[in-house]
A.B. asks: 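Pasting a structure here, questions to come.
Within every chain, numbering begins at 1; the chains are lettered A, B, ... in the order of the sequence lines, protein sequences first and strands thereafter. Quick note: numbers below take in every heavy atom, side chains included, and nothing from hydrogens, waters or symmetry partners.
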There are 2 protein chains.
Amino acid sequence: MTTPAQGLHSHVLATLGLAITAGEYPPGTVLRTDELAQRFDVSRTVVREVVRVLESMHLVESRRRVGVTVLPTASWNVYDPQVIRWRLAGADRPRQLRSLTVLRSAVEPVAAGLAALHATPEQCRELTEQALGMVATSRGRRLEEYLVHDIAFHRVVLNASGNEMFARLGDVVAEVLTGRTHHHVMFEDPDPAAVTLHVQVAEAVRERNAARAEELTRQIAVGALQELDVLAP
Amino acid sequence: MTTPAQGLHSHVLATLGLAITAGEYPPGTVLRTDELAQRFDVSRTVVREVVRVLESMHLVESRRRVGVTVLPTASWNVYDPQVIRWRLAGADRPRQLRSLTVLRSAVEPVAAGLAALHATPEQCRELTEQALGMVATSRGRRLEEYLVHDIAFHRVVLNASGNEMFARLGDVVAEVLTGRTHHHVMFEDPDPAAVTLHVQVAEAVRERNAARAEELTRQIAVGALQELDVLAP
DNA sequence: GGGAATTAAAAGTACTACTTTTACGTCACA
DNA sequence: TGTGACGTAAAAGTAGTACTTTTAATTCCC
């Protein structure tokens, strides 16, 4: 039904997590562990372990004599990559993509500025390579190939920033870019202006020009935000 | 020893989580569940649930026939509030504070800009109130009171931004500000310039001047970063 | 010396019995 | 009629045991 899953735990976790983040159980809904055990045809042990994980994500709260209560969205660990993936797979995907894109627009310019200061020669090389890859695949409906380079590019920038918190947003950016590409009409090639900006960012980083790297990345971010507005006003 | 803990699970989780994030078990260390069960004098059931949670935070990885392996820092869910709290309580607290402050410097200006666009009248009022509270407590060694207003101020800005991802950083900011205050020499009152900037941000938001709110918050961030450099060069 | 078969160690799963907490209903008393 | 103490039962929490499954490591054969 959902994911094949290797291991009962993963299967139950994926199913329940997806259902909760999709809003199938409104906040306040109470589930009982042995009811769940029966429903998924697994032992209470497995269910308990799943509940503990969901509890650590603040999706649910388990209380004695009451049961497992679904918590309101406001308390969810929305930075948990697993939660992000579930939500992107669910109904409020557009809302989620918007939130994440705004986050990107705040973080990536600063990260690029830091990258210009801290990037190793190897990272500079990698950055240029990915930018050129984007140029090469920017025409002729090669969106999938373009996406790979785009993700790699942003990942390198975030890693090169030298900030751990930024680096860990690589997966989030990957999800957003993937979602964007696959949600798009997929007919048109990427905006040539954006492609050029990426090449220029690589240049700026190579030249250790932090202010320019930051400003150029800010322009990329503005483009991404405008794109969202065009799609969902 | 560590936390009193109501519930065996919480106790074991807190102890193990703290130990791992503190680097007491270098990456690659393998633990065995029944060894842990023995060490903490709890059943394997409890240990397994704890391991599952640590696994969901990507602090450890559990493999059959091998055991529970401690993962390298790079794979940790560093945005998990629990992980943040553990790390701030541990040895690399300074490094952690720096990472988080850089993150703040990227996010908060953008959040302030959005707050200027989206803040409700109630939020504007609250913002002004907290800013005035900061002014009132900015002199005469009233650092603890000042801190309360400071935290509240930034929380309102993040919430008013209307972006879920920003809003959830309220706790992180609170931790950083608290850590900063309690780590400081505690002798001197807050920088008057910073206090003024907060008042001006509240003004800018009230006047719906997004660009100004953003720029002023950027100045606050710059101040926070410089402060870090002064303390730990 | 290399590859296939064997082994055993550890996690994964199930089940059952028991303990602890606590929401809720009951009943006595004012 | 309202209020508070009390008892009950429901559900999670914990323990222990028995069994299954995966898989690293060793052995053994060619």
Side-chain angles (χ1 to χ4, degrees), chain A residues 1-17 19-20 25-72 75-76 82, chain B residues 1-17 19-20 25-72 75-76 82:
Chain A
M1 187 190 166
T2 41
T3 340
Q6 74 300 30
L8 300 181
H9 178 88
S10 325
H11 174 243
V12 178
L13 181 63
T15 310
L16 259 184
I20 293 173
Y25 304 98
T29 307
V30 293
L31 310 162
R32 264 162 298 117
T33 52
D34 36 12
E35 182 211 305
L36 291 173
Q38 201 172 349
R39 180 137 68 84
F40 287 103
D41 191 35
V42 295
S43 70
R44 206 163 71 97
T45 313
V46 172
V47 172
R48 285 188 48 71
E49 285 171 14
V50 168
V51 168
R52 279 261 132 94
V53 172
L54 293 175
E55 216 175 355
S56 84
M57 297 170 173
H58 290 91
L59 295 185
V60 302
E61 184 193 40
S62 177
R63 289 173 59 198
R64 273 177 151 131
R65 170 66 213 248
V66 175
V68 178
T69 315
V70 177
L71 294 174
S75 53
W76 296 354
Q82 183 62 86
Chain B
M1 185 192 166
T2 41
T3 340
Q6 72 301 33
L8 300 180
H9 177 88
S10 325
H11 174 243
V12 177
L13 181 63
T15 310
L16 260 183
I20 293 173
Y25 304 98
T29 308
V30 292
L31 311 163
R32 263 161 299 115
T33 53
D34 34 12
E35 183 211 305
L36 292 173
Q38 202 172 349
R39 180 137 68 85
F40 287 102
D41 191 35
V42 295
S43 70
R44 208 163 70 96
T45 313
V46 171
V47 173
R48 285 188 48 68
E49 286 170 14
V50 168
V51 168
R52 280 259 131 96
V53 171
L54 293 175
E55 215 175 356
S56 84
M57 295 170 173
H58 289 90
L59 295 185
V60 302
E61 183 193 41
S62 176
R63 289 173 57 198
R64 273 176 152 132
R65 169 65 213 249
V66 175
V68 177
T69 315
V70 176
L71 294 175
S75 53
W76 297 354
Q82 182 63 85

A.B. asks: Check side-chain contact (heavy atoms from CB on, under 4.5 Å) between A:Ser43 and all other residues, then give those that pass, not counting sequence neighbours.
C.D. replies: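 So A:Ser43 forms a side-chain contact (heavy atoms from CB on, under 4.5 Å) with A:Thr45, A:Val46.
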A.B. asks: State, yes or no, whether a side-chain contact exists between B:Asp34 and B:Gln38 at a heavy-atom distance under 4.5 Å.
C.D. replies: no
A.B. asks: Check DNA chain D against residues 32-45 of chain B and give the residues with a non-hydrogen atom under 4.0 Å, in numerical order.
C.D. replies: B:Val42, B:Ser43, B:Arg44, B:Thr45
A.B. asks: According to side-chain contact (heavy atoms from CB on, under 4.5 Å), who are the partners of A:Pro72, at least two apart in sequence or on a separate chain?
C.D. replies: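 For A:Pro72 the side-chain contact (heavy atoms from CB on, under 4.5 Å) partners, ignoring immediate neighbours, are A:Pro27, A:Ser75.
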A.B. asks: Test: side-chain hydrogen bond (donor to acceptor under 3.5 Å, both in side chains). Region: residues 52-71 of chain A. Which pairs qualify, not counting sequence neighbours?
C.D. replies: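 Only A:Arg52-B:His9, A:Arg52-B:Glu49, A:Ser56-B:Ser56 qualify under side-chain hydrogen bond (donor to acceptor under 3.5 Å, both in side chains).
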A.B. asks: Sequence neighbours excluded, which residues qualify as salt bridge (charged side-chain N to carboxylate O under 4.0 Å, His left out) partners of B:Arg32?
C.D. replies: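 B:Arg32 satisfies salt bridge (charged side-chain N to carboxylate O under 4.0 Å, His left out) with B:Glu35 once adjacent residues are dropped.
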A.B. asks: Enter the distance from B:Ile20:CD1 to B:Met57:CE here, rounded to the nearest 0.5 Å.
C.D. replies: 10.0 Å
A.B. asks: Using a cut-off of strictly less than 4.0 Å between a heavy atom of the residue and any atom of DNA chain C, enumerate the qualifying residues of residues 49-63 of chain A by number.
C.D. replies: A:Arg63
A.B. asks: Listed by chain and number, what are the side-chain hydrogen bond (donor to acceptor under 3.5 Å, both in side chains) partners of A:Arg44, not counting sequence neighbours?
C.D. replies: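 Residues passing side-chain hydrogen bond (donor to acceptor under 3.5 Å, both in side chains) with A:Arg44: none at all.
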A.B. asks: Less than 4.5 Å apart, side chain to side chain, heavy atoms only: is that true for B:Phe40 and B:Leu8?
C.D. replies: no
A.B. asks: Go nucleotide by nucleotide along DNA chain C from the 5' end; which of B:Val68 and A:Val46 gets its closest nucleotide reached first?
C.D. replies: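 This one resolves to B:Val68.
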A.B. asks: Between C:dA23 atom P and A:Arg64 atom CZ, what is the distance in whole Å?
C.D. replies: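 In whole Å, C:dA23 P lies 12 Å from A:Arg64 CZ.
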A.B. asks: With a 4.0 angstrom cut-off to heavy atoms of chain B, pull out the first and last contacting nucleotide of DNA chain D, in 5'-to-3' order.
C.D. replies: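 The contact span of chain B on DNA chain D goes from D:dT14 to D:dA24.
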A.B. asks: CG of A:Leu31 to CZ of A:Arg39: how many Å apart, nearest 0.5 Å?
C.D. replies: 7.0 Å
A.B. asks: Heavy atoms, side chains only, cut-off 4.5 Å: are B:Leu16 and B:Leu36 in contact?
C.D. replies: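 Answer yes - side chains close enough.
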